[in-house]
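If you read the sequence from its start, that first residue is 1, and numbering goes on from there. Values reported hereafter were calculated over all heavy atoms of this structure, with side chains retained and with hydrogens, waters and symmetry mates removed.
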Amino acid sequence: MNSRTFPSRLLVLVGCFALASGCQTLAPTQKAADFNELYVSGAYQAAADAALSNAGGLSTTQKPELLWSLQAGTALTASGRFALSNQVFDAAENLAKEEDTEHLARKGFEKLTSTLVNNNLNRYSPAVYDGVMINTYKALNNIFLSDAQNARIEFNRAADRQRRAEEHFRSKIEELKQKQAKAKDEQASSTTAGMPQPDRDQAEKTVYDAYPELADWQVYPDFVNPYTDYLHGLYFMLGGTDKDDLGKARDSLRRVAGMNPTNPAIKTDLKVVDNLIRGKWRKQKLNPAVWVIFENGLGPQVEELLIPIPLFVVNNKVEYSQLALPKLKLREQAYDHLELFSGKRSLGKTEQLASLDRVVQTEFKREFPLKVTEAVISTLTKGVIQYQARKEGGLAGALAAGIYQAVTTRADTRIWSALPKEVQVARVRRPDDRKLTINGPGLLTPLQIELPDAQFSIVYVKAAAPGTQPVYQIASYKP
């Protein structure tokens, strides 16, 4: 091969990758904006239909797209289409399992495209909390469908996913060590071939300097999602059939109480389940109660942060060098809290049960070193291409390689954006006339709710943005 043709042929190859990446990411960006506009406005049914269309519909002949299935399932729950939401989440769960067990050849290809181009060219890789929330929403759907058996199954699956989270991240850490070792070996061979050795440590320091917020994040311990644990505990307290079920309820509620020591609803629930286990109280004799579960606001989005890397860190023979990494952007609450009334008499207000922002931050912080390593490897690999292009093709080759790096250096900003910012809860005595009014600061039209004739009721309320009218769904239990 003529040495002068090497950079050209190489850049044609990676240019094809870059073009494919651009074609894949441009349209989804507009689709995401359209979905978010509908979802933020509270038009959950229209948002669900749009997400289903983007996912590939409900066709049995082709696989749906995982991230759009997650968005659709959430919107379907909010719009009260629980059975269809379960169908969509079932498909999403199957896709997530495929990601875990995908063929080694595909994993190798995706690592290559991640290094030479960026991760947007690959399929969406679900977070651990994605899997937990899939099972949580399926359990919630089944509660509203009065399907106690399948609610139990989904809660058990969600609990098992949380238990296995630490194992997942241990394997991620091992993967990180292997990548770092391989990168150092490749750098050593490049240096032997005459290329100045990049300063990996300096590149990583530059990245961490751009993320000072990591040190301030108050993450949850052991990847526990308090929303999942609380619903798990509430289900086994209300729907449990024996002391084993009540024991599961107590274990979950204790974990949640440890993270929310002042929340009155959690304290009361834990007291009730303790007394039920001790035989002091009987469930049939408990006072009628109502739980209001409030999904408030919207969880984080991901933005791209471009971090210029000083050229001397890579080497002084390249024309361009920067990293692209994801950065969490937190969004606002819909309402500070909800107030509950029986007529004009105040019953109480909702208080925070779980911050989904913190759930996402917990995993983001744990995975961040891996993301940094991947970004540094990608940037330094592209620096090698620039160096070789300059060496073999002169200034024109170096400039072409610099343009290639600029075009392909993009962060993966995909995230399940339909999750709430936080979840609040209130536990109150059921009004004698079974009429519950829900109001709150900034809420223009109070919710007037007719409760079912049941000892226990759960009212699920959702509001995505300030000024939007909340929607609600009701489930009931008769011991």
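- For the pair Lys329 and Glu304, the salt-bridge criterion is not met [side-chain N within less than 4.0 Å of a carboxylate O].
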Show your reasoning for whether side-chain hydrogen bond (donor to acceptor under 3.5 Å, both in side chains) applies to Asp34 and Gln30. CA-CA 6 Å; Asp34 293 342; Gln30 185 57 50; 2.9 Å; yes

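- Contact detail for Glu450 and Asp433: the closest heavy-atom pair is OE2-O, 4.2 Å.
- Listed for the Arg250 side chain is no donor-acceptor partner under 3.5 Å among the backbone atoms of Val273.
- Taking every heavy atom of both residues into account, Leu330 and Pro300 meet most closely at CD2-CG, 3.8 Å.
- Heavy atoms only, all atoms of each residue included: Pro441 and Tyr335 are closest at O-CD2, 3.4 Å.
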Please test Thr77 against Ser85 for side-chain hydrogen bond (donor to acceptor under 3.5 Å, both in side chains), starting from the C-alpha separation and ending with a verdict. CA-CA 6 Å; Thr77 295; Ser85 176; 2.9 Å; yes

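- Residues Lys435 and Ser342 form no side-chain contact, since every pair of their non-hydrogen atoms from C-beta on lies 4.5 Å or further apart.
- Between Val359 and Tyr227 there is no side-chain heavy-atom pair separated by less than 4.5 Å.
- Residues Met237 and Asp269 form a side-chain contact, since some pair of their non-hydrogen atoms from C-beta on lies under 4.5 Å apart.
- Proximity of Pro452 to Arg434: side-chain heavy atoms (C-beta onward) are nowhere separated by under 4.5 Å.
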Let's go through Arg427 and Val272 carefully: what are the C-alpha distance in whole Å and the side-chain angles of both, what is the deciding distance for side chain to side chain contact (heavy atoms under 4.5 Å, CB included) to 0.1 Å, and is it a yes or a no? CA-CA 12 Å; Arg427 184 193 202 275; Val272 168; 3.8 Å; yes

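- For CG of Asp432, the number of neighbouring non-hydrogen atoms (other residues, nucleotides, ligands) closer than 6.0 Å is 12 at most.
- Of the charged side-chain nitrogens involved, at least one lies within less than 4.0 Å of a carboxylate oxygen, so that Lys205 and Asp209 count as a salt-bridged pair.
- For the pair Lys327 and Tyr211, the distance from NZ or CZ to the six-membered ring centre is under 6.0 Å and the angle to the ring normal is within 45 degrees.
- In this structure, Pro264 and Glu351 approach most closely via the heavy-atom pair CD-OE1, 3.5 Å.
- Here the CD-NZ distance, from Gln455 to Lys285, works out to 10.0 Å after rounding to the nearest 0.5 Å.
- For the atom pair CD of Glu204 and OG1 of Thr373, the computed distance is 5.0 Å after rounding to the nearest 0.5 Å.
- Remark: of the listed residues Thr136, Asn86, Leu84, Asn86 is the sole one forming a side chain to side chain contact (heavy atoms under 4.5 Å, CB included) with Asn141.
- In this structure the side chain of Val219 never reaches within 4.5 angstrom of the side chain of Glu363, judged on heavy atoms.
- Ionic pairing of Lys280 and Asp274 is not present here: no N-O contact between side-chain nitrogen and carboxylate oxygen is shorter than 4.0 angstrom.
- To the nearest 0.5 Å, atoms CD1 (Ile277) and CG (Asp245) are separated by 10.5 Å.
- The backbone N or O of Gln218 lies less than 3.5 Å from a partner atom in the side chain of Arg358, making a donor-acceptor pair.
- Between Trp217 and Phe364, the two ring planes are perpendicular [angle over 60°; tilted spans 30° to 60°].
- Atom CD of Gln448 is surrounded by more than 12 heavy atoms from other residues, nucleotides or ligands within 6.0 Å.
- A side chain to side chain contact (heavy atoms under 4.5 Å, CB included) with Lys138 holds for exactly one of Val88, Ile143, Asp90, Ile153; it is Asp90.
- Side chains of Tyr137 and Leu419 form a contact here, defined as non-hydrogen atoms less than 4.5 Å apart.
- With respect to Lys63 and Glu98, a salt bridge is recorded, a charged nitrogen being found less than 4.0 Å from a carboxylate O.
- No more than 12 heavy atoms of other residues, nucleotides or ligands sit less than 6.0 Å from atom CD of Glu37.
- Interatomic distance, Phe155 CZ to Asn150 CG, rounded to the nearest 0.5 Å: 12.0 Å.
- From Ile134, atom CD1 reaches atom CZ of Phe89 across 7.0 Å, with rounding to the nearest 0.5 Å.
- Here Tyr124 and Trp68 keep their ring centres 6.0 angstrom or further from each other.
- One N or O on the side chain of Thr74 and one on the backbone of Leu70 form a donor-acceptor pair closer than 3.5 Å.
- Taking each heavy atom of Pro446 and Gln469 in turn, the nearest pair found is O-NE2, 4.4 Å.
- For the pair Leu340/Thr437, no side-chain contact is recorded, criterion being any heavy-atom separation below 4.5 Å from C-beta on.
- Residue Ala464 comes nearest to Leu298 through the heavy atom pair O-CG, 3.5 Å, listed as atom of the first residue, atom of the second, then distance.
- In the model, Glu422 has a side-chain atom that pairs as donor or acceptor with a side-chain atom of Gln424 under 3.5 Å.
- Proximity of a side-chain donor or acceptor of Asn260 to a complementary backbone N or O of Leu353 within less than 3.5 Å is detected.
- Between Tyr129 and Trp416, the ring centre distance reaches or exceeds 6.0 Å.
- Under 3.5 Å, the side chains of Asn296 and Gln352 contain no donor-acceptor pair of N or O atoms.
- Without hydrogens or angle criteria, Lys349 side chain to Ala426 main chain gives no donor-acceptor distance under 3.5 Å.
- Salt-bridge annotation for Arg164 and Asp160: present, with a side-chain N of the basic residue lying under 4.0 Å from a carboxylate O of the acidic one.
- Ser355 OG to Tyr220 OH: the interatomic distance, rounded to the nearest 0.5 Å, is 5.0 Å.
- Side chains of Ser346 and Glu339: a donor-acceptor N/O pair is absent below 3.5 angstrom, by distance only.
- Looking at Val459 and Ile449, their side chains come closer than 4.5 Å, going by heavy atoms from C-beta outward.
- Taking the centre of each ring, Phe368 and Tyr208 come in below the 6.0 Å mark.
- With salt bridges taken as basic N to acidic carboxylate O contacts below 4.0 Å, one links Arg81 and Asp49.
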Tell me, with the steps shown, if Ser417 and Gln71 meet side-chain hydrogen bond (donor to acceptor under 3.5 Å, both in side chains). CA-CA 7 Å; Ser417 65; Gln71 306 281 49; 2.9 Å; yes

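- Ionic pairing of Lys371 and Glu374 is not present here: no N-O contact between side-chain nitrogen and carboxylate oxygen is shorter than 4.0 angstrom.
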Pair Val292-Leu436, side chain to side chain contact (heavy atoms under 4.5 Å, CB included): steps then yes or no: CA-CA 10 Å; Val292 175; Leu436 180 69; 4.2 Å; yes

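- With 3.5 Å as the limit, one finds a donor-acceptor pair spanning the side chains of His232 and Ser252.
- When only modelled atom types and interatomic distance are considered, Glu154 and Asn135 share a side-chain donor-acceptor pair under 3.5 Å.
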